[in-house]
Every structure is written in structure tokens, then in C-alpha cells.
Amino acid sequence: MRQRSGDFVSYRLDRAHETLDEARLLADAGRWNACVNRLYYACFYAISALLAKNGLASSKHAGVRSLFNRHYVKTGKVPMELARIYNRLFERRQEGDYIDFVYFKEADVIPWISNAKLFVEHVSDLARHDST
């Protein structure tokens, strides 16, 4: 069972980095809403890996967000500034995917790309080395 968990953690971390690459491709194509979706999912996959490593999971995005905030942000393992990146992308992705007439602009999205990269790197490092 431990090996399966390790495989899942590695898989999700790989997906996080691959999804960041997808976001960059979408940004290059000027597809800002799709880019925001991919940025959120890159963060989500990294968090899923971190949670799985420590025996935590949720079947809902809001549950993953709650577990992350409770076990990693409130404990100081993830700085509040980094946590805000994920929490904001969660909200932006909801808007872009589910609310009509939401169009993200290049000037807003470009900084989110580097922010998401920082977030994924920090959470990936925790998933590789931390045990709660």
C-alpha cells in the first residue's frame, strides 16, 4: 500500500508540472480563461499529492481546499502569501468555468503564472520531504 501511495504522489506531482506547462502554452495562445483553469489544476494536483502523502483526501475541490488550509496553512508549513495564490485561483477558476461573460485579461493572468509556479514548487517540495 505504501508503494501505491508513493506512486500516486509522484503521478500527481508530475501532473502538476505538466499542467503548468499547459498553462504556459495557453498563455502563449492568448487563451486566458483556459490558462487560469490550468493554473488552478496545477496547484490542485500538487496539493492532492501532498495530502495523499500524509493520508488525507477529499472527493470535492472545496474539501481539498479545506484540508490544505487546515493542515498546511494554519500550521505554518505553507506561508499565507503562497496559500492566497491557490485560494485566489480556486475562486478565479470557478468564475471562469461557471459564470457567463467572464473573460480574464492578459495583464491579470500573466503574474498568476509565475505565482502558480512558486506555489507548485513549494508544495511539491513539501510532498517530497514532509510528513505530518
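- Taking D108 as the reference, nothing meets the side chain to side chain donor-acceptor pair (under 3.5 Å) condition, with sequence neighbours excluded.
- A distance of 10.5 Å separates CG of L67 from CG of L50, quoted to the nearest 0.5 Å.
- With rounding to the nearest 0.5 Å, the separation of CZ in R31 from CD in E22 is 14.5 Å.
- For the residue pair R70/S66, the side-chain donor-acceptor check at 3.5 Å is satisfied.
- Across S48 and F8, no two heavy atoms sit closer than the pair O-CE2, 4.1 Å.
- Under 3.5 Å, the side chains of H17 and D21 contain no donor-acceptor pair of N or O atoms.
- A cation-pi arrangement, defined by a distance under 6.0 Å to the six-membered ring centre and an angle within 45 degrees of its axis, is present between R65 and F90.
- Here E91 does not pair with R88 in a salt bridge; the nearest charged N to carboxylate O distance is not below 4.0 Å.
- Counting only heavy atoms from C-beta outward, the side chains of L39 and F44 never approach each other to under 4.5 Å.
- One distance of note links CG of N115 with CZ of R84; it measures 12.0 Å at 0.5 Å rounding.
- Note: K53 NZ to L13 CG = 9.5 Å, rounded to the nearest 0.5 Å.
- Side-chain polar atoms of N54 and Y72 form a donor-acceptor pair below 3.5 angstrom.
- Listed for the N33 side chain is a donor-acceptor partner under 3.5 Å among the backbone atoms of F104.
- Ring pair F119/F68 is perpendicular by interplanar angle, where above 60° counts as perpendicular and below 30° as parallel.
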